[in-house]
Amino acid sequence: MTIFTKDGRLMIPIRNRRRRTNVSEDGVRYVVNKAYCPKGCNVVDNDVEVNGLPGLRLAFQNTDGKGELVISAIEGDFDKVVLSGKLTKGQKNTVMCPHCHTPFKKLVNCNCNPNAEMVVLGLTPKLNFNNAITFCNITDCSNGSFIKSGEAILHVRLMA
Ligand SMILES: [Zn+2]
Ligand SMILES: [Zn+2]
């Protein structure tokens with residue numbers, strides 16, 4: 001499948017470069033099939049797959065402007081499709097709902113950078129920090145992605 005962005009650029013789906021992730025292969029990978037913004041919008045994007053599964057669509061804003069990206073729903077998989085805007089390695093992004101533009105809430109600071117924040121994406125329509133995933137808002141920081149927030153707090157404390 002070929003995907004064109006609104007401005008006509010061609011995106012190469014990641015699954016064409018890599019073997020489709022077999023989720024049941026090791027049986028322990030956590031896959032998100034429901035995720036919500038703080039106001040309860042569903043951010044699962046059935047139109048954009050990342051490694052064979054619907055991705056999670058997020059809006060972002062940084063010093064280069066606004067954009068949208070779709071991140072992988074698979075634990076430990078940091079592949080993403082940038083739909084618009086620009087992401088720069090090491091840059092901080094404000095991460096927002098692509099539908100209502102409500103910023104995602106901060107859980108804790110990430111230890112990769114003094115300004116880095118772990119933002120939280122709820123797995124229930126009403127945000128519950130114990131049923132959520134968290135990831136760092138610095139581009140290319142791999143801390144904390146797709147682990148339950150309770151474990152994230154423990155992880156960050158252990159690292160401190
Ligand atoms: Zn929303
Ligand atoms: Zn970080």
Side-chain angles (χ1 to χ4, degrees), residues 3 5-7 11 14 18 21 28-51 53-160:
I3 305 168
T5 61
K6 281 178 202 143
D7 63 4
M11 288 192 300
I14 288 158
R18 294 205 339 200
T21 303
V28 296
R29 280 195 153 188
Y30 186 65
V31 176
V32 174
N33 57 14
K34 292 190 188 79
Y36 301 88
C37 92
K39 293 259 166 76
C41 306
N42 181 6
V43 300
V44 173
D45 191 332
N46 289 306
D47 295 330
V48 183
E49 292 187 347
V50 183
N51 292 325
L53 291 166
L56 308 178
R57 189 177 185 121
L58 303 170
F60 62 87
Q61 182 156 20
N62 54 40
T63 54
D64 292 317
K66 292 179 180 182
E68 285 193 2
L69 80 162
V70 178
I71 62 172
S72 174
I74 305 165
E75 177 188 13
D77 177 11
F78 297 102
D79 282 341
K80 57 185 177 277
V81 177
V82 178
L83 302 177
S84 61
K86 189 171 170 231
L87 288 171
T88 305
K89 189 177 169 71
Q91 191 177 54
K92 181 175 173 174
N93 306 284
T94 301
V95 185
M96 296 167 291
C97 173
H99 307 295
C100 71
H101 294 96
T102 301
F104 286 95
K105 293 203 181 339
K106 171 192 160 182
L107 180 70
V108 288
N109 287 95
C110 179
N111 57 20
C112 74
N113 180 304
N115 299 318
E117 294 171 350
M118 306 286 289
V119 294
V120 89
L121 199 56
L123 302 182
T124 50
K126 191 175 185 312
L127 182 61
N128 172 355
F129 283 89
N130 293 313
N131 196 2
I133 56 172
T134 184
F135 56 92
C136 179
N137 63 3
I138 301 288
T139 302
D140 289 344
C141 174
S142 59
N143 271 351
S145 204
F146 300 113
I147 49 178
K148 298 262 184 162
S149 54
E151 293 167 23
I153 294 167
L154 181 64
H155 176 73
V156 170
R157 282 185 184 154
L158 288 173
M159 297 289 283

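Order of listing sets the numbers, starting from 1, for every ligand and every atom in it. Everything quoted here is computed from the prediction, not taken from an experiment.
Atom CE of residue Met118 and atom CD1 of residue Ile133 lie 10.5 Å apart, to the nearest 0.5 angstrom. Note that SG of Cys37 is 10.5 Å distant from NE2 of His101, once rounded to the nearest 0.5 Å. Note: Asn62 CG to Gln91 CD = 4.0 Å, rounded to the nearest 0.5 Å. Annotation: the span from Ile138 atom CD1 to Glu117 atom CD amounts to 8.5 Å, rounded to 0.5 Å.
Each of Asn46, Asp45, Asp47 was compared with Arg57 under the side chain to side chain donor-acceptor pair (under 3.5 Å) criterion, and only Asp45 meets it.
Between the Zn ion (ligand 1) and Cys97 there is an N/O/S contact shorter than 2.8 Å. With a cut-off of 2.8 Å, the Zn ion (ligand 1) has no N, O or S atom of His99 in range.
Rounded to 10°, the angle that SG of Cys136 and SG of Cys112 form at the Zn ion (ligand 2) is 120°. Draw a line from the Zn ion (ligand 2) to SG of Cys141 and another to SG of Cys110, and the angle between them is 110° (to 10°). Our summary of the site lists the angle at the Zn ion (ligand 1) between SG of Cys100 and SG of Cys37 as 110°, to the nearest 10 degrees.
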